[in-house]
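Residue numbering restarts at 1 for every chain, and letters A, B, ... go by the order of the sequence lines.
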2 protein chains.
Amino acid sequence: MRIGELAARAGTTTRTLRYYESRGLLSARRTGNGYRTYDESDLKLLRQIRTLQDFGFDLEETRPFVECLRAGHPEGDSCPASLQVYRRKLDELDALIGELRAVRAKVGEQLARAESARDGLAADAAAPGGPEPVCELGGEPR
Amino acid sequence: MRIGELAARAGTTTRTLRYYESRGLLSARRTGNGYRTYDESDLKLLRQIRTLQDFGFDLEETRPFVECLRAGHPEGDSCPASLQVYRRKLDELDALIGELRAVRAKVGEQLARAESARDGLAADAAAPGGPEPVCELGGEPR
DNA sequence: CCTTGCCTTGACGCCGACGTCAAGGCTTAC
DNA sequence: GTAAGCCTTGACGTCGGCGTCAAGGCAAGG
């Protein structure tokens, strides 16, 4: 099949396929007139890349999977290098999720504080004296 | 104070401050020789921006906080527009965290599947008999 | 023959938040 | 006077993953 069909079947664009080729992730045979041709194995490879991309892997991280498939393995993750990428990605995800939860907690705190400050503005103004009763909600949302 | 000192006190660079100014987030008086000058309120404003940036807010999202401070409010989040940004960010974070957890689960699954496939492979190889039982486990695409 | 619809390579555009270099001016210290 | 260390504006570079032209070639149908 030619590039347009492959792109359509993989749910992407020809531009993307040429880009992958430029990055050395996808290769193509050529017909007499210079057109790229692909077969089912290329589609499989492409789908592997797209799946990983959907998971948030960047292109370079898909390379081991691609090479694994090219080496004749049944799946892109049939090779140790691919498993390593999985593991690294899991660590990254855990770290990122942790950071995001910490940020979420802080932003939640800020919101609560700011809201109670607004609510408490009248109360504070009415009750002078004590040091800022600034909302001790240590509560974690979620 | 001049731009270098402000940058140092805020833990950032002069380039960043000029960039903020170009984006209309930070303003500066000028001395006779054209140098920018800042005061403590500018530092406060800048720190507000940096804090939000650390939380992952993009620059545009800090604008309401900046305008709130400029309007004379004691805190950048003393204004409704800022609270709205907080709420939007909380929603975004929740959504993002949810997606990441879903991805984490899927990647974890893939890893487990691939690892057990490898284990199975070894077992198959160790077992004398069939010639090349190359992995019929898991989901075949297509 | 002409249009339509594929395909080719090449190259610039985009986004965000700056980094980095260029070329030059002011001030202060020695 | 001259070097050091600030400052100025302007402009191009970075990173990823493509989008979007531009200019042209090839194949098939009417």
Without swapping roles, check the side chain of R47(B) against the backbone of R9(B) for a donor-acceptor pair under 3.5 Å. yes
Which of these nucleotides, [options], is closest to any side-chain atom of [X]?
| X | options | answer |
| --- | --- | --- |
| R2(B) | dG17(D), dC7(D), dT27(C) | dC7(D) |
| I3(B) | dT8(D), dT27(C), dC26(D) | dT8(D) |
| L59(A) | dT27(C), dG17(D), dA27(D) | dG17(D) |
| N33(A) | dT9(C), dG16(D), dC26(D) | dC26(D) |

How close do S78(B) and H73(B) get, counting heavy atoms only, and between which atoms? CB-CB, 3.8 Å
Pair E5(B) + R2(B): basic N to acidic O under 4.0 Å: no
For E92(A), is there an ion pair with R88(A) - N to carboxylate O distance below 4.0 angstrom? yes
Ignoring backbone atoms, establish whether [X] has a side-chain N or O less than 4.0 Å from OP1 or OP2 of [N].
| X | N | result |
| --- | --- | --- |
| R30(A) | dC26(D) | no |
| R50(B) | dA17(C) | no |
| Q53(B) | dC18(C) | yes |

Cluster check [X], [Y]: I/L/V/M/F/W/Y, side chain < 4.5 angstrom:
| X | Y | answer |
| --- | --- | --- |
| F65(B) | L93(B) | yes |
| V103(B) | L96(B) | yes |
| L25(A) | Y38(A) | yes |

Whole-Å gap separating [atom2] ([N]) and [atom1] ([X]):
| X | N | atom1 | atom2 | answer |
| --- | --- | --- | --- | --- |
| D54(A) | dG16(D) | CG | P | 19 Å |
| E61(A) | dC15(D) | CD | P | 17 Å |
| E5(A) | dG5(C) | CD | P | 18 Å |
| L6(A) | dC7(C) | CG | C1' | 14 Å |

Short of 4.0 Å, heavy atom to strand atom, which residues of residues 10-26 of chain B count as contacting DNA chain D? R15(B), R18(B)
Note: for E60(B) and Y35(B) on DNA chain C, the residue whose nearest nucleotide lies more 5' is E60(B)
